[in-house]
Number of protein chains: 2
Amino acid sequence: MTLSQIKFDRTFRHGPGVECGECPIRTRAVCSLCEPHELNALDGIKSYREIPAGKRLYEAGEPMEHVASVVLGVGTLSRTLEDGRRQMVGLLLPSDFIGRPGRAEALYDVEALTDLTVCRFERKGFERILGSTPNVATRLLQMTLDELDSARDWAVVLGRKSARERVASFLLILARRLGRQSGGEMLFQLPVTREAMADYLGLTLETTSRQMSALRRDGVIATEGRSAVRVPDLIRLAEEAGDDSDGVALV
Amino acid sequence: MTLSQIKFDRTFRHGPGVECGECPIRTRAVCSLCEPHELNALDGIKSYREIPAGKRLYEAGEPMEHVASVVLGVGTLSRTLEDGRRQMVGLLLPSDFIGRPGRAEALYDVEALTDLTVCRFERKGFERILGSTPNVATRLLQMTLDELDSARDWAVVLGRKSARERVASFLLILARRLGRQSGGEMLFQLPVTREAMADYLGLTLETTSRQMSALRRDGVIATEGRSAVRVPDLIRLAEEAGDDSDGVALV
DNA sequence: CGAGTAATTGAAGTTTATCAACACACGTGG
DNA sequence: CCACGTGTGTTGATAAACTTCAATTACTCG
């Protein structure tokens with residue numbers, strides 16, 4: 001398999017009457033603990049939406065009448081300061097939840113990086129279900145607690161890691177969540193430009209690019225074209241990320 | 001009122017038979033939405049604990065058989081990298097929740113900065129209550145979502161703000177959560193050393209100290225002794241923090 | 001009041017940002 | 001299918017911010 005053959009999954013074809021049972025995020029999303037009858041309640045208010053790559057779904061401060069689960073594709077959550085400085089505060093990968101019950105306004109900009117498929121719920125209706133469906137509430141709490149942990153982990157990266165470690169940390173996250181294994185190597189497509197990477201990493205795009213070059217020069221990664229990445233040795237990459245603790249939780 | 005007279009509240013005297021109704025965090029903590037009969041369930045498994053300043057309650061990786069609410073005092077949540085770099089990922093102020101239902105191990109170091117009073121619950125018992133008491137589950141979800149937002153906001157500070165802006169941001173948070181108003185000024189005690197501030201801010205203690213001096217020189221703050229701080233103009237401080245958006249949500 | 005810790009300040013060094021030029025990929029149209 | 005143009009990525013030189021190492025001063029507590 002050559003690097004250029006790695007593409008994002010776009011296999012899920014939805015439409016009226018598509019069953020949740022066929023949904024690729026059925027086992028990880030906010031609905032994953034639901035019994036069949038609970039799923040019916042969600043099914044009644046759900047609708048799929050396709051968002052083209054590059055489109056902004058919400059801007060910080062805007063009203064937000066829906067919540068949603070990412071089904072396919074990659075999005076970002078970010079904040080822009082008045083002088084233009086931008087910081088991404090979260091990646092939105094399949095099964096991630098967008099929006100917040102109980103809040104009518106977006107706190108962050110939400111953007112589609114690749115074409116995005118989301119499973120959308122009208123917010124008020126979702127809040128009602130949340131109150132009457134413990135398995136949804138429980139799962140949302142679990143997911144939020146997990147998100148909180150990753151946000152805190154990311155604060156460690158932003159607060160204490162060098163540019164090289166930050167870039168390695170980012171590649172490691174993507175390799176774990178998007179990578180395909182192929183003969184001991186991990187292969188994946190970067191869903192982001194250098195600029196977006198820089199926004200996530202709290203660096204400039206030039207520094208980001210330099211560190212990518214350095215990691216390539218040192219054999220930690222190989223690249224092909226703009227976005228295909230090969231990681232020959234995930235443990236080596238984890239060491240570069242400073243995550244160490246002898247290679248915790250690889251895979 | 002002189003700065004040195006500002007002290008932390010230590011007015012809550014607990015002991016066997018103390019009613020939740022007298023609890024200073026009754027209206028904000030995880031129990032705040034509870035009906036009287038729900039409170040009884042929590043009351044049955046709660047116990048107050050005093051932790052002296054400086055003590056570590058948990059270390060990352062350790063088993064954690066309890067969860068708790070901070071009642072009085074200030075604590076920290078932090079992670080230490082193998083080479084000694086440390087990043088604080090959260091401040092624990094009164095009403096904040098410690099621990100996570102469903103996880104048996106601490107992810108971060110938890111330390112008492114000042115003497116700390118916590119209202120503690122055995123984790124398994126708390127998880128049972130969570131399942132049977134929607135008002136606890138709802139409130140915990142609210143609080144976790146809020147925490148997630150602050151963690152993300154902090155990522156913006158760490159990723160994009162200058163040393164001066166970071167120090168100002170930190171002072172602003174403390175002024176809002178710990179400050180007492182006195183004739184248009186805000187007065188509070190720093191519950192942390194410069195080193196702990198630096199750990200929170202992703203800076204060195206020297207840089208932190210220099211920026212404190214600079215803010216003092218520029219009249220943004222006044223200090224007395226090591227930890228008393230006076231903020232003559234909260235809006236000015238918010239501007240220095242780069243938080244701007246014309247002084248959002250002061251108070 | 002004195003000892004010891006915490007905080008401040010200075011000088012030099014390192015990392016990252018900024019400004020600027022150039023190269024490469026990828027889609028478009030010839 | 002190749003040439004071309006535009007946006008994206010790379011690299012270099014310089015400047016700025018922050019860190020590091022070191023010395024001094026100021027609190028606080030016994």
Side-chain angles (χ1 to χ4, degrees), chain A residues 2-4 7 53-54 81 83-87 113-114 157-168 170-171 189-218 221-229 242, chain B residues 2-7 52-54 81 83-87 113-115 157-168 170-171 189-218 221-229 242:
Chain A
T2 74
L3 286 178
S4 55
K7 290 287 169 216
L81 301 179
D83 56 9
R85 285 179 288 182
R86 228 171 80 104
Q87 177 66 46
L113 238 42
T114 65
V157 172
L158 293 176
R160 289 298 174 206
K161 290 195 180 174
S162 68
R164 182 182 175 104
E165 290 172 318
R166 293 188 204 194
V167 172
F170 180 71
L171 294 174
Q189 296 268 123
L190 280 176
V192 291
T193 62
R194 294 288 183 271
E195 184 178 22
M197 270 181 75
D199 284 342
Y200 197 46
L201 298 169
L203 300 170
T204 59
L205 74 90
E206 293 95 332
T207 299
T208 304
S209 176
R210 277 185 242 275
Q211 299 305 331
M212 286 290 288
S213 300
L215 290 172
R216 194 186 310 128
R217 213 166 28 243
D218 298 345
I221 58 171
T223 60
E224 190 171 299
R226 272 178 188 164
S227 60
V229 176
Chain B
T2 74
L3 286 177
S4 57
Q5 286 164 348
I6 314 166
K7 290 289 168 215
L81 301 179
D83 56 10
R85 284 178 289 181
R86 227 171 82 103
Q87 177 65 47
L113 239 41
T114 66
D115 287 345
V157 172
L158 294 175
R160 288 298 173 206
K161 290 195 181 176
S162 69
R164 182 182 175 104
E165 289 172 319
R166 293 189 204 192
V167 171
F170 179 70
L171 294 174
Q189 295 268 123
L190 280 176
V192 291
T193 62
R194 294 288 183 272
E195 184 178 21
M197 271 182 76
D199 284 342
Y200 197 45
L201 299 169
L203 299 169
T204 59
L205 75 89
E206 293 94 331
T207 299
T208 305
S209 177
R210 276 185 243 275
Q211 298 304 332
M212 286 291 287
S213 300
L215 290 173
R216 195 185 309 126
R217 211 164 33 241
D218 298 343
I221 58 171
T223 60
E224 191 172 295
R226 269 177 191 166
S227 60
V229 177

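A, B, ... follow the sequence lines: proteins, then strands. Residue 1 opens every chain. The structure presented is a predicted model; accordingly, all values stated were derived computationally and were not measured.
Judged by atom type and distance alone, A/Arg210 reaches the base of D/dG12 through a side-chain donor-acceptor pair under 3.5 Å.
The residue A/Arg166 sits apart from the nucleic acid: no heavy atom pair falls under 4.0 Å. Nucleic acid contact for B/Ser209: base, since at least one base atom lies under 4.0 Å from a heavy atom of the residue. When heavy atoms are screened at a 4.0 angstrom cut-off, A/Arg164 is found touching no nucleic acid atom at all.
For residues 191-202 of chain B, the set of pairs meeting the side-chain hydrogen bond (donor to acceptor under 3.5 Å, both in side chains) definition, not counting sequence neighbours, comprises B/Arg86-B/Asp199.
Looking only at distances, a side-chain donor or acceptor of B/Ser213 sits under 3.5 Å from a matching main-chain atom of B/Ser209.
In plain terms, the two heavy atoms of A/Val192 and A/Leu113 that are nearest each other are CG1-CD2, 2.9 Å. Of all the heavy atoms in B/Lys161 and B/Gly242, the pair that sits closest is NZ-C, 4.0 Å. Considering all non-hydrogen atoms of both residues, A/Gly202 and A/Gln87 come closest at CA-OE1, 3.5 Å.
Taking OG1 of B/Thr223 as the reference point, atom CG of B/Leu190 lies at 9.0 Å (rounded to 0.5 Å). A/Glu224 contributes atom CD, which lies 9.5 Å from atom CD of A/Gln189 (distance to the nearest 0.5 angstrom).
Residues from residues 197-206 of chain B lying near DNA chain C, meaning a heavy-atom separation below 4.0 Å, are B/Leu205, B/Glu206 in numerical order.
The side chain to side chain donor-acceptor pair (under 3.5 Å) test applied to A/Arg85 returns A/Asp83, B/Glu165, not counting sequence neighbours. With sequence neighbours excluded, the residues that form a side chain to side chain contact (heavy atoms under 4.5 Å, CB included) with B/Thr207 are B/Ala163, B/Leu203, B/Thr204, B/Gln211. A/Ala53 meets the side chain to side chain contact (heavy atoms under 4.5 Å, CB included) test with A/Asp115; sequence neighbours excluded. With sequence neighbours excluded, the residues that form a side chain to side chain donor-acceptor pair (under 3.5 Å) with B/Arg164 are B/Asp218, B/Glu240.
Taking atom NZ of B/Lys161 as the reference point, atom P of D/dC18 lies 13 Å away to the nearest angstrom. In this entry the distance linking CZ of B/Arg194 with P of D/dT19 reads 16 Å, nearest Å.
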Contact list (N/O, under 3.5 angstrom) for nucleotides 24-27 of chain D vs protein:
residue, atom, partner, partner atom, Å
D/dC27, O2, B/Arg226, NH2, 2.9

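A/Leu158 has its side chain within reach of A/Arg166: a pair of non-hydrogen atoms, C-beta onward, lies under 4.5 Å apart. B/Met212 is listed as a side-chain neighbour of B/Ile221, based on a closest heavy-atom distance under 4.5 Å.
At its two ends the helix from C/dC1-D/dG30 to C/dG30-D/dC1 runs along axes set 40° apart, each axis drawn from five pairs and the angle rounded to 10°.
Here chain B contacts DNA chain C (any atom closer than 4.0 Å to a heavy atom, that is under 4.0 Å), and the contacts span C/dT5 to C/dA11 from 5' to 3'.
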